[in-house]
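Because the structure is predicted, anything quoted here is derived from the model rather than measured. Side chains included, hydrogens not; waters and symmetry mates left out as well; all remaining heavy atoms used.
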Amino acid sequence: MYVNFKKITKAFLMTMLSVMLMILSANAQTGVTINVRGTVTDIAGEPIIGANILVQGTSSGTITDYDGNFTLQVPADGILEISYIGYRPQSIPVNNRTTINITMEEDTELLEEVVVIGYGTVRKDDATGSVVAVDATKINRGLATSPSALLAGQVAGLSVVSSGGAPGSSSSIRIRGGSSMSASNDPLIVIDGVPVDTEGINGMDDPLSTINANDIETFTVLKDASATAIYGSRASNGVIIITTKKGHSGKLRVAYNGNVSVSTRTGLVDVMDAPTFRNYVIDSFGEGSQQAAALGNTETNWQDKIFRTAVSTDHNLSVSGAITDFLPYRVSVGYTNENGILKTSGLERYTGSINLSPTFLDGSLRVQLNAKGVYNTNRFADRGAINSATQFDPTMPVYSETNSPYGNGYHMSLKADGTPIDIGLANPLAILEQKSDKSKVYRSIGNMQVDYSLPFLEGLRANLNMGYDISESNGDVIITDNSPMSWVWGDYKAGWGENSTYYQHKSNTLLDFYLNYTNNFGVHRIDAMGGYSWQRFYREEENTYPYSAAMAAQTGNEFYKEGNDYSTESYVISFFGRLNYSLLERYLLTLTLRNDGSSRFSPGNKWGLFPSAAFAWRIINEPFMENAGDVMSDLKLRLGYGVTGQQNLGNGDYPWMGRYSYSKAGANYFFGNTKVPLIRPLAYDENLKWEETATYNAGLDFGFLNNRISGTFDVYYRKTTDLLNTVGIAAGTNFSNELLTNVGELENKGVEFSITGRPIVSKDLNWNVSYNITYNRNRITKLTINDDPSYVGVRFGGIDGGTGNNIAIHSVNYPSGSFYVYEQVYDNDGRPLEGVFVDQNADGQINEEDMIVYKNAAPDLFMGLSSQLSYKNWDLNFSLRSNIGNYVYNNIQSNRESRSITYDPSGWLKNKVNSATFTNFDAVHYQSSYYIQNASFLKMDNISVGYNFNNVSNWLQSARLHLTVQNPFVITKYKGLDPEFTNDGIDNNIYPHPRVFILGFNLNF
């Protein structure tokens, strides 16, 4: 199915831009401003200190002083919005008045404050599960191309680890640790009611970058099973609900957010420079050695050659308001041009979003129309250039000095006869400049949600949600003929580029329908919901492998190997229900049940039942707490249990069926001169079923001094059963000696604490600060069908160096993703003794039986601290984040220290890290525990200082100018370049995070 998605997406973006321009021209106006004074008091006449006074439709505002007084310049026909924690908000028209006194009524119950949950909302005070809402508009965002970056360090129990500093790079998002070894550990992401595709889109590193961060209003993180079980089979790893900004009644609002940024590298891998390397080679091998003879006469810093200072820009324009009160709207367009610090890397992105919120039948019928689109072009730089730059001989030049016909003018290693050495390293700069890896991605996410209050029964609503998530991507990877890579990379090494092209189309469609009944019966409150869900996932792909035009003409063939294409689909059908019951506004009970059917399992296993139950006790509402009201404003105990599932197994849509696969290239059968590729059966388990995760949670919510101080404390236990693992089976029984099946068990235990406070509240000086900390530990408790003491676990985590070396393991009674190494022995000075390891079984020899499970990549503790400090028109904001107890395998160091791999007998040298003179290893020791290094860190994600301009003119209500530094510092003992990345804890080919200086503007019209 080929769809001209490019034209559709561009038409969509152009239409939204035209709509915005028409709205702007139709609503252009001027107004008169006046100075308004007043006092804000409570019903007892006491002044309220720090009440927020905001001009509706703008960011112009102030707060009351110690006497409750305020002064503010506002439009004569404007509206003041007054709010304060613990009191009911008010909207008061100015009507040309210069004095306005306000009396606020207490709202200690905060009954109207709601949080978004699965299939609806719940009053915040009625929430029984572990649910955290984050106001995205108040996060100090820095340069956030993806929404995931906004959540880093903001929520206890939520870990966001960036994969690196490449433009548009993805992040690993984990809620309370991972629940699986073989299947996905990513949370379910729901955007405006549409569960979106996070399994990956070809040509786009981060699928979440579809959503412009400026369009997001709130994040809601559902952490425990009592909150997530309503999503059943897709919620084992938690749920993140993203709600985008909507239209509103009142005057037209126009907002512009833009910035210009400069990205710089923060450091270099500590390899030897040319003089140091020359001395090292001569000292190690002798001045007359063949190694010394291979040295060049140039001084080249290869890392300087591949990195650069990059300039980027980002812009977003939004228009919101209402066409009468009937049709609130919001339209936005965005443009991002982000260049990476690694040469040739960059992305260009156009985003668009439109929301319409019409109401009919006196508000009984409410409709939400959402559509979001992105057109994204990428140029990916091959990270192999980073790897090569840390190994390439620094005494060699960038460009050839011998007029060699090989390498297109770039220096490369040659044999004595002048021909290329096919096992040599590729020239780092050539890797970037002689390889083009480009993609184009078109994606749209949208839905129509209709909510109707049925007239025959008060409190009964019907809700229909129809949504889609469609993407189309294509790209090509072109390696220039005769480039250094064409001689040393790939399957052929024959001097022509092994090019490839790809096309992908994905279409996920959704239909949800539910009935919801809410009513009060005296001291009882009931909120009941039941519904049906249908979702289809479709994907088709095509790959081709063309020659360059010159090679095609020379060989007479368009392609150098056969391409492939396929399509696949799966379905999930569900029935779900939830009951929220409240007694006396103190005792709260939530029961949920979801029955999921997935086409990814056999008929006997396709249905899974996922229940949950939660109880909460609002202790603050008990009569015995009346005298504590002056100090304590909230106290609630929560208890919950639930079961969720995992149907995203990561091995296709038909893992339970007998399938056939084409054999590897070259495994063919000839009928005469006709070459026929072979197909072979694959091992399969017809009884494959869901992984299931049961979660127990206990939590306490608290608040003091009218919630000037508030927080939560949670403890949890999660156990995943029927864990997928590849186990050995009897030869000849299932076309393989290994089989993926449900045999394992994994548990997570953790503690979370978060606290938010406003320690300073005054007319001119205000300070908000939030802190959270999480302890999480997981352990594998079972991996095989029967207990097998000789089974060490699942080895994985390939490393750079040697052949088939793996450094990580899943092993029983240890955390998943631990390292598997020999325990290094050290001398009295702390130097590792070469080849000396602990004989674990005391048998007098060192072999694989002496390897141990040692440390792991996941942190034991992670925490976040954010602060917003304002003084008059100035503000200072920062975000800090820390991981403690996470370890990294330093593959850069392990593959750059040994003297034995300095020189290849074919005639070329590899550079060393400077620590080689400390270890002084002669041989390589890839699996030494010495290279498992503590990568705990404290990182300041961003810090910004800004100045706010209020009532700039009749047409410009407010403005903000800010300077932000992203990634200003990292404190760590780790010896590598960057302690934060996603690669199973293996540090090689890591694109380092840049330090970014951002000058930004925010304008509100």
Engineer: Are D634 and K636 within salt-bridge range, i.e. N to O under 4.0 Å?
Structural biologist: no
Engineer: Before giving the answer on side-chain hydrogen bond (donor to acceptor under 3.5 Å, both in side chains), spell out for T336 and D314 the whole-Å C-alpha distance, their side-chain angles and the decisive distance to 0.1 Å.
Structural biologist: CA-CA 4 Å; T336 304; D314 182 74; 2.4 Å; yes
Engineer: How long is the span from the OG atom in S867 to the CG atom in L876, to the nearest 0.5 Å?
Structural biologist: 7.0 Å
Engineer: Is the closest basic N to carboxylate O distance between D596 and R234 below 4.0 Å?
Structural biologist: no
Engineer: Could you tell me whether the side chain of S633 and the main chain of N707 form a donor-acceptor pair under 3.5 Å?
Structural biologist: yes
Engineer: Atom CD1 of I755 and atom CZ of F702: how far apart are they, to the nearest 0.5 Å?
Structural biologist: 4.5 Å
Engineer: Answer yes or no: is there a side-chain heavy-atom contact under 4.5 Å between N621 and L584?
Structural biologist: no
Engineer: Any salt bridge linking D197 with R443? Criterion: basic side-chain nitrogen under 4.0 Å from a carboxylate oxygen.
Structural biologist: no
Engineer: T693 versus Q646: any side-chain heavy-atom pair under 4.5 Å?
Structural biologist: no
Engineer: Are any side-chain N or O atoms of N185 and backbone N or O atoms of S180, one a donor and one an acceptor, separated by less than 3.5 Å?
Structural biologist: yes
Engineer: Is the shortest side-chain N to carboxylate O distance from E980 to R881 below 4.0 Å?
Structural biologist: yes
Engineer: Within the distance-only criterion (no hydrogens, no angle test), does the side chain of K245 pair as donor or acceptor with the backbone N or O of N214 below 3.5 angstrom?
Structural biologist: yes
Engineer: Does the side chain of M529 reach to within under 4.5 Å of the side chain of N463, using non-hydrogen atoms?
Structural biologist: no
Engineer: Using modelled atom types only, decide if a donor and an acceptor are shared between the side chain of T64 and the backbone of I48 within a distance under 3.5 Å.
Structural biologist: yes
Engineer: Set out, in order, the CA-CA distance, both residues' side-chain angles and the distance that settles side-chain hydrogen bond (donor to acceptor under 3.5 Å, both in side chains) for S172 and T982, then state yes or no.
Structural biologist: CA-CA 7 Å; S172 172; T982 57; over 6 Å; no
Engineer: For A156, is there any backbone N or O sitting under 3.5 Å from a side-chain donor or acceptor partner on K223?
Structural biologist: yes
Engineer: Any luck finding a side-chain donor-acceptor pair between Y468 and S444 under 3.5 Å?
Structural biologist: yes
Engineer: For the pair S171 (side chain) and I173 (backbone), establish whether a donor and an acceptor sit closer than 3.5 Å, ignoring hydrogens and angles.
Structural biologist: no
Engineer: How about V131 and T220: do any of their side-chain heavy atoms sit closer than 4.5 Å?
Structural biologist: yes
Engineer: Can you list the residues that meet the side chain to side chain donor-acceptor pair (under 3.5 Å) rule with N447, with sequence neighbours excluded?
Structural biologist: N370, N465
Engineer: Kindly say whether Q368 contributes a backbone atom to a donor-acceptor pair with the side chain of S357 at under 3.5 angstrom?
Structural biologist: no
Engineer: Kindly write out the residues that satisfy side chain to side chain donor-acceptor pair (under 3.5 Å) with T244, not counting sequence neighbours, or none if the list is empty.
Structural biologist: D192
Engineer: Is it the case that the side chains of Y716 and N748 hold a donor-acceptor pair, with the cut-off being a distance below 3.5 Å and no angle test?
Structural biologist: no
Engineer: Quick one, Y587 and W617 - any side-chain contact, counting heavy atoms below 4.5 Å?
Structural biologist: yes
Engineer: Side chains of E81 and P89, heavy atoms from C-beta outward: is any pair under 4.5 Å?
Structural biologist: no
Engineer: Just by distance, with hydrogens left out, do S318 and S332 show a side-chain donor and acceptor under 3.5 Å apart?
Structural biologist: no
Engineer: Is there a donor-acceptor pair closer than 3.5 Å between any side-chain N or O of S163 and the backbone N or O of S170?
Structural biologist: yes
Engineer: Which value, rounded to the nearest 0.5 Å, describes the distance between Q966 atom CD and D941 atom CG?
Structural biologist: 7.5 Å
Engineer: Can you name the ring pair (Phe, Tyr, Trp, His ring centres under 6.0 Å) partners of Y581, sequence neighbours left out?
Structural biologist: H524
Engineer: Between N355 and G247, is there a donor-acceptor pair closer than 3.5 Å when you use the side chain of the first and the backbone of the second?
Structural biologist: yes
Engineer: Does the structure place the NZ or CZ of R578 under 6.0 Å from the centre of the six-membered ring of Y119, at an angle of no more than 45° from the ring's axis?
Structural biologist: no
Engineer: Taking atom types as modelled, find out whether S612 and S226 have a side-chain donor-acceptor pair closer than 3.5 angstrom.
Structural biologist: no
Engineer: How long is the gap from CG on L515 to CG on L460, to the nearest 0.5 Å?
Structural biologist: 5.5 Å
Engineer: For N766 and L869, indicate whether the former's side chain and the latter's backbone hold a donor-acceptor pair under 3.5 Å.
Structural biologist: no
Engineer: Before giving the answer on side-chain hydrogen bond (donor to acceptor under 3.5 Å, both in side chains), spell out for T712 and D701 the whole-Å C-alpha distance, their side-chain angles and the decisive distance to 0.1 Å.
Structural biologist: CA-CA 4 Å; T712 63; D701 302 333; 4.9 Å; no
Engineer: Indicate the atoms forming the closest heavy-atom contact of G177 with R718, along with that distance.
Structural biologist: O-NH1, 3.4 Å
Engineer: Evaluate the side-chain proximity of N697 to R638: yes if any heavy-atom separation is below 4.5 Å, no if none is.
Structural biologist: yes
Engineer: Are N516 and T518 close enough, and set up right, to give a side-chain hydrogen bond (donor to acceptor under 3.5 Å, both in side chains), and what steps lead you there?
Structural biologist: CA-CA 7 Å; N516 184 257; T518 305; 3.2 Å; yes
Engineer: Compare all side-chain heavy atoms of Q154 with those of S879 and state whether any distance is below 4.5 angstrom.
Structural biologist: yes
Engineer: Give me the atom names and distance for the closest heavy-atom approach of R461 to S453.
Structural biologist: CG-OG, 3.8 Å
